[in-house]
> 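Below you'll find the structure I mean.
Side chains included, hydrogens not; waters and symmetry mates left out as well; all remaining heavy atoms used.
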Amino acid sequence: MSGFGFWSSIFNFAPVNTKINELLEDPDTPLEDLLNEDHIVNEFRSLNSKLVEYCTEEKVREMISYIIEEPPEDAEQLRGYKLPYVACEVLCTDSPSLLNSFFGKNPNKGKKATDTQVAVDGDDTDHNS
């Protein structure tokens, strides 16, 4: 037996995050490679500590760009279809680490909601009246 218990002996599988953890060992692993892994969404949900460290503000921005930017016309199917979908799924996990990575350096941090609203709206009207 492989040492992973009863179910792995029946279905012949290793722990899910083995491949993901191997990718995370290399700090130069592209986000694209991680998002191409089958169980990446579950790893974000389970708060894999290596994955949490990997996801910097830059990586979160890259995921958002996969969603909102049109892929080049000569892009592979992976870029055009899978990466935007998986990036959306990952961002929808509501992982505190992802939210902190992206919003941790919020320039509006510490301001009242009305101040933030004015900055977003671009006008100086009082929104509390």
> What are the two closest non-hydrogen atoms of P84 and G80, and how far apart are they?
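In this case the closest contact between P84 and G80 is CG-O, 3.8 Å.
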> Same cluster for V52 and V60 if Ile/Leu/Val/Met/Phe/Trp/Tyr side chains link at under 4.5 Å?
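No, it is not one cluster - the side chains of V52 and V60 are not joined through contacts under 4.5 Å.
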> Restricting to non-hydrogen atoms, name the atom on L34 and the atom on Y54 that form the minimum distance, rounded to 0.1 Å.
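Where L34 meets Y54 most closely, the heavy atoms are CD1-CE2, 3.2 Å.
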> Working to the nearest 0.5 Å, report the span between CD1 of I40 and NZ of K19.
11.5 Å
> Would you give the length of the straight line joining atom CZ of R45 to atom CG of D94, rounded to the nearest 0.5 angstrom?
9.5 Å
> Do L24 and T29 make a side-chain contact, defined as non-hydrogen atoms from C-beta onward lying under 4.5 Å apart?
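Answer no - side chains too far apart.
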> Applying side-chain hydrogen bond (donor to acceptor under 3.5 Å, both in side chains), name anything that partners E69, two or more places apart in sequence or on another chain.
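So E69 forms no side-chain hydrogen bond (donor to acceptor under 3.5 Å, both in side chains) with any residue.
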> Starting at CG of L23, measure out to CG of L51 and round the result to the nearest 0.5 Å.
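Between atom CG of L23 and atom CG of L51 there are 10.5 Å.
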> For the atom pair OG (S95) and CD (E43), what is the distance rounded to the nearest 0.5 Å?
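Reported value, rounded in 0.5 Å steps: 11.5 Å.
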> Which distance, rounded to the nearest 0.5 Å, do you find between the CD of E32 and the CD of E62?
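Here the interatomic distance stands at 8.0 Å.
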> Nearest 0.5 Å, please: how far is CG in L83 from SG in C88?
12.5 Å
> Going by salt bridge (Lys or Arg N to Asp or Glu O under 4.0 Å), name the residues that satisfy it together with R61, two or more places apart in sequence or in a different chain.
E57
> Quick check: closest heavy atoms across L35 and A87, and the distance to 0.1 Å?
CD1-CB, 4.3 Å
> Do the side chains of T93 and E89 get nearer than 4.5 Å, heavy atoms only?
no
> If the test is side chain to side chain contact (heavy atoms under 4.5 Å, CB included), which one of L91, L31, V90, V86 qualifies with Y66?
L31
> What pairs of residues pass the side chain to side chain donor-acceptor pair (under 3.5 Å) test when at least one of them lies in residues 73-86, not counting sequence neighbours?
N36-K82
> Considering only heavy atoms from C-beta outward, does the side chain of L47 approach that of P96 to under 4.5 Å?
yes
> Under 4.5 Å between side-chain heavy atoms, hopping through other hydrophobics if needed: is there a path connecting F44 to I67?
yes
